[in-house]
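Given the structure is predicted, the values throughout are model-derived calculations rather than measurements. Note: hydrogens, waters and symmetry copies are ignored here, and every other heavy atom, side chains too, is used.
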Amino acid sequence: MTHQTGARRRFIATAGAASGAALGFPAIVKAQTTNLRFQSTWPAKDIFHEYANDFARKVNDMTGGDLKIEVLPAGAVVPAFGLLDAVSKGTLDGGHGVVAYHYGKNNALALWGSGPAFGMDANMLLSWHKYGGGKELLNKLYEKVGASVYSYLYGPMPTQPLGWFKKPIAKAEDIKGLKYRTVGISIDVFTKMGASVNALPGGEIIPAMDRGLLDAAEFNNASSDRLLGFPDVSKVCMLQSFHQNAEQFEILFNKAKLDALPPKLKAIIDNAVEAASADMSWKAADRYSKDYAEMGAKQGVKFYKTPDAILQQQLKVYDDVVKEKSSDPLFAEIIASQRAFAERVVRWDMDVNANRRMAYNHYFGKKS
């Protein structure tokens with residue numbers, strides 16, 4: 001292309017833009033990309049970090065490049081349990097974790113996922129959060145602890161295992177004296193059941209078990225547990241527990257950063273959260289079931305149902321813990337709100353939904 005030709009093309013382009021403006025057509029200006037730096041509370045290899053990236057990708061795609069969220073793994077900027085402070089202060093623009101990880105700020109924060117939730121599953125707890133007053137109560141809690149954040153809850157988790165042990169746990173007395181890892185209000189429950197509790201982040205659990213600093217631990221699900229390396233340090237996994245019966249993920253934004261975004265981008269974030277929540281549920285059912293089957297078939301893991309006597313003991317001890325902590329009026333208000341919602345929604349669920357085990361046994365034979 002000659003210099004003369006290039007100059008002529010630039011003139012035509014400039015003249016076209018000028019004539020468009022003269023005719024009242026707005027000039028086409030590409031919006032500047034807003035970059036947000038997030039950190040998850042999970043190791044890069046964990047499926048939970050994958051969920052964080054899934055959410056970010058949905059936002060990035062739907063905004064067409066106007067907003068770009070980058071997600072770093074746990075520890076890249078701050079330790080996993082330091083996420084709330086980092087987002088509140090603006091050290092990070094946002095993050096991905098669980099509300100129970102902020103337990104040290106206020107015990108009531110553990111009520112979003114740590115405990116039996118009066119029989120609700122995680123989807124019911126999310127329903128309470130969105131439609132039963134939970135969101136407003138969580139906002140009050142964050143104001144109380146001085147956290148300048150905006151919280152989105154999403155991603156209902158299946159009931160978490162009691163954990164990984166050296167041998168099967170047959171009765172509540174077997175928990176006494178164990179060095180055990182858990183988080184949230186479950187720290188108080190297992191302490192009252194006689195365990196010595198250490199609340200370690202996910203990436204630190206397996207090294208601690210390998211060195212004998214822990215006798216037993218729980219984390220979350222078959223995929224995460226397998227990737228973290230639980231089958232390398234234990235071959236016994238106890239399934240079913242009330243200590244984290246109904247948990248969900250949390251996406252945090254620094255409040256000033258979110259407030260500064262135009263309404264269109266905020267609307268996209270609102271809807272991306274719900275899209276990511278549904279997608280996470282479907283991905284979890286697929287991946288968790290595969291890893292559950294493969295740990296048993298290929299890695300020699302033995303799965304045992306937690307005895308009912310231990311589950312009953314958990315409920316009893318949880319009630320004692322709640323009674324002690326309800327001296328805090330806001331804690332008591334959250335408990336009362338959850339209980340009222342659960343009484344209605346759990347009854348409806350039990351009365352309406354058919355027994356899946358009956359159908360499974362009919363088609364695939366009874367499994368122990």
Practice item. Tell me, with the steps shown, if E324 and K192 meet side chain to side chain contact (heavy atoms under 4.5 Å, CB included). Key: CA-CA 12 Å; E324 292 172 4; K192 280 185 172 290; 2.9 Å; yes

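- Side-chain heavy atoms closer than 4.5 Å link hydrophobic residues (I, L, V, M, F, W, Y) into clusters, and following such links, even through other members, never connects V98 to L126.
- Linking ILVMFWY residues whenever their side-chain heavy atoms come closer than 4.5 Å, directly or via other members, places Y318 and M193 in the same cluster.
- Using a distance-only test at 3.5 Å, with no hydrogens or angles considered, no donor-acceptor pair links the side chain of S114 to the main chain of Q244.
- Between F165 and D215 there is no side-chain heavy-atom pair separated by less than 4.5 Å.
- F341 carries R344 over the face of its six-membered ring, with the cationic atom under 6.0 Å from the centre and within 45° of the normal.
- A donor-acceptor distance shorter than 3.5 angstrom exists from the side chain of T63 to the backbone of N60, with no hydrogens or angles considered.
- Summarising the geometry, atom CE belonging to M295 is positioned 14.5 Å from atom NZ belonging to K290; distances are rounded to the nearest 0.5 Å.
- Proximity of the aromatic rings of Y51 and F249 is defined here by a centroid distance below 6.0 angstrom, and this criterion is met.
- For F219 and F48, the gap between ring centers is short of 6.0 Å.
- In this structure, V346 and F118 approach most closely via the heavy-atom pair CG2-O, 3.9 Å.
- I175 CD1 to L162 CG: the interatomic distance, rounded to the nearest 0.5 Å, is 5.5 Å.
- Between N107 and D188, every side-chain heavy-atom pair lies at or beyond the 4.5 Å cut-off.
- Summarising the local packing, CD of E136 is surrounded by more than 12 heavy atoms from other residues, nucleotides or ligands at distances under 6.0 Å.
- Annotation: ring-ring contact (aromatic ring centres under 6.0 Å, His included) contacts of F364 (sequence neighbours excluded): Y360.
- Q314 approaches F190 most closely through the heavy-atom pair NE2-CZ, 3.6 Å.
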**Study point:** salt bridge (charged side-chain N to carboxylate O under 4.0 Å, His left out) between K171 and D174, intermediate numbers included
**Key:** CA-CA 6 Å; K171 54 189 182 300; D174 292 343; 3.0 Å; yes

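- The 12-atom threshold is exceeded at NZ of K305, counting heavy atoms of other residues, nucleotides or ligands nearer than 6.0 Å.
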Point to revise | From CA spacing to verdict: salt bridge (charged side-chain N to carboxylate O under 4.0 Å, His left out), D291, R287 | key: CA-CA 6 Å; D291 284 312; R287 296 271 286 277; 5.0 Å; no

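- A distance-only check finds a donor-acceptor pair linking the side chain of S88 to the backbone of S148 [under 3.5 Å].
- When the shell of 6.0 Å around NZ of K58 is examined, it contains more than 12 heavy atoms from other residues, nucleotides or ligands.
- Relative orientation of the H129 and W112 rings is perpendicular, given thresholds of 30° and 60° on the angle between their planes.
- One finds the CG atom of L138 at 10.0 Å from the CD atom of E143 (value rounded to the nearest 0.5 Å).
- For K283, the NZ atom is densely surrounded, since the number of other residues' heavy atoms within 6.0 Å is greater than 12.
- Between the side chain of N254 and the main chain of V87, a donor-acceptor pair closer than 3.5 Å is present.
- Using a 4.5 Å cut-off between side-chain heavy atoms of Ile, Leu, Val, Met, Phe, Trp and Tyr, with links allowed through other members, V233 and I169 fall into different hydrophobic clusters.
- Residues T182 and E218 have side chains that bring a donor and an acceptor to within less than 3.5 angstrom of each other.
- Between the NZ atom of K235 and the NZ atom of K302 there is a distance of 11.0 Å, given to the nearest 0.5 Å.
- The backbone N or O of T33 sits nowhere less than 3.5 Å from a side-chain atom of K68 that would complete a donor-acceptor pair.
- Using a cut-off of 4.0 Å between Lys/Arg side-chain N and Asp/Glu carboxylate O, K144 and D328 are scored as salt-bridged.
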Check your understanding: salt bridge (charged side-chain N to carboxylate O under 4.0 Å, His left out) between K255 and D259: does it pass, once the steps are laid out?
Key -> CA-CA 6 Å; K255 193 173 187 305; D259 287 344; 3.0 Å; yes

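- Ion pairing of K316 with D319 is absent here, as no side-chain N (NZ or NE/NH1/NH2) approaches a carboxylate O to less than 4.0 Å.
- Between R347 and D351, at least one side-chain N (NZ, or NE/NH1/NH2) sits under 4.0 Å from a carboxylate O, which counts as a salt bridge.
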Exercise for review: Under the side chain to side chain contact (heavy atoms under 4.5 Å, CB included) rule, what do Y103 and F81 come out as? Steps first, then yes or no, please.
Suggested key: CA-CA 9 Å; Y103 182 63; F81 292 166; over 6 Å; no

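- In this structure a side-chain-to-backbone donor-acceptor pair under 3.5 Å is present from D93 to R37.
- Enclosure of atom CD in E343 is not indicated, since only 12 or fewer non-hydrogen atoms of other residues, nucleotides or ligands lie within 6.0 angstrom.
- N220 and D225 make their closest contact through N-OD1, 3.3 Å (heavy atoms, listed as atom of the first residue, atom of the second, distance).
- Between G94 and L83, the shortest heavy-atom distance links the atoms O-CD1, 4.4 Å.
- When the ring-ring contact (aromatic ring centres under 6.0 Å, His included) test is applied to F303, the partners found at least two apart in sequence or on another chain are Y292.
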Practice item. Would you sort out whether I251 and I269 count as a side chain to side chain contact (heavy atoms under 4.5 Å, CB included), showing the intermediate values? Key: CA-CA 10 Å; I251 295 167; I269 290 169; over 6 Å; no

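- Under the 4.5 Å side-chain heavy-atom criterion for grouping Ile, Leu, Val, Met, Phe, Trp and Tyr, L67 is connected to Y152 within one hydrophobic cluster.
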Exercise for review: Check the pair Y142, L84 against side chain to side chain contact (heavy atoms under 4.5 Å, CB included), reporting the backbone distance first and the verdict last.
Suggested key: CA-CA 10 Å; Y142 279 139; L84 180 63; 3.9 Å; yes

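- One N or O on the side chain of K179 and one on the backbone of G212 form a donor-acceptor pair closer than 3.5 Å.
- Side chain of D286 to backbone of W282: no donor-acceptor contact under 3.5 angstrom is found.
- Hydrophobic clustering, with ILVMFWY side chains joined whenever heavy atoms are under 4.5 angstrom apart, keeps L72 apart from I69.
- Side-chain atoms of N245 come within 3.5 Å of backbone N or O of M120 as a donor-acceptor pair.
- Checking Y154 against H96 by side-chain atom types alone, a donor-acceptor pair falls below 3.5 Å.
- For P73 against Q39, the heavy-atom pair with the smallest separation is O-CG, 3.3 Å.
- For the residue pair H102 and E250, a side-chain donor N or O sits within less than 3.5 Å of a side-chain acceptor on the partner.
- Distance check, rounded to the nearest 0.5 Å: CE of M280 to CE of M157 gives 7.0 Å.
- Residue-environment remark: NZ (K105) stays at or below the threshold of 12 foreign heavy atoms within 6.0 Å.
- Grouped with L311 in one hydrophobic cluster are F242, L315, the linkage being side-chain heavy-atom contacts under 4.5 Å among Ile, Leu, Val, Met, Phe, Trp and Tyr residues.
- Going from atom CG of L252 over to atom OG of S40 covers 12.0 Å, rounded to the nearest 0.5 Å.
- Of the possible donor and acceptor atoms, none in the side chain of S241 sits under 3.5 Å from a partner among the backbone N and O of P161.
- Nearest heavy atom pair, residue F331 against residue V322, reads CE2-O, 3.9 Å.
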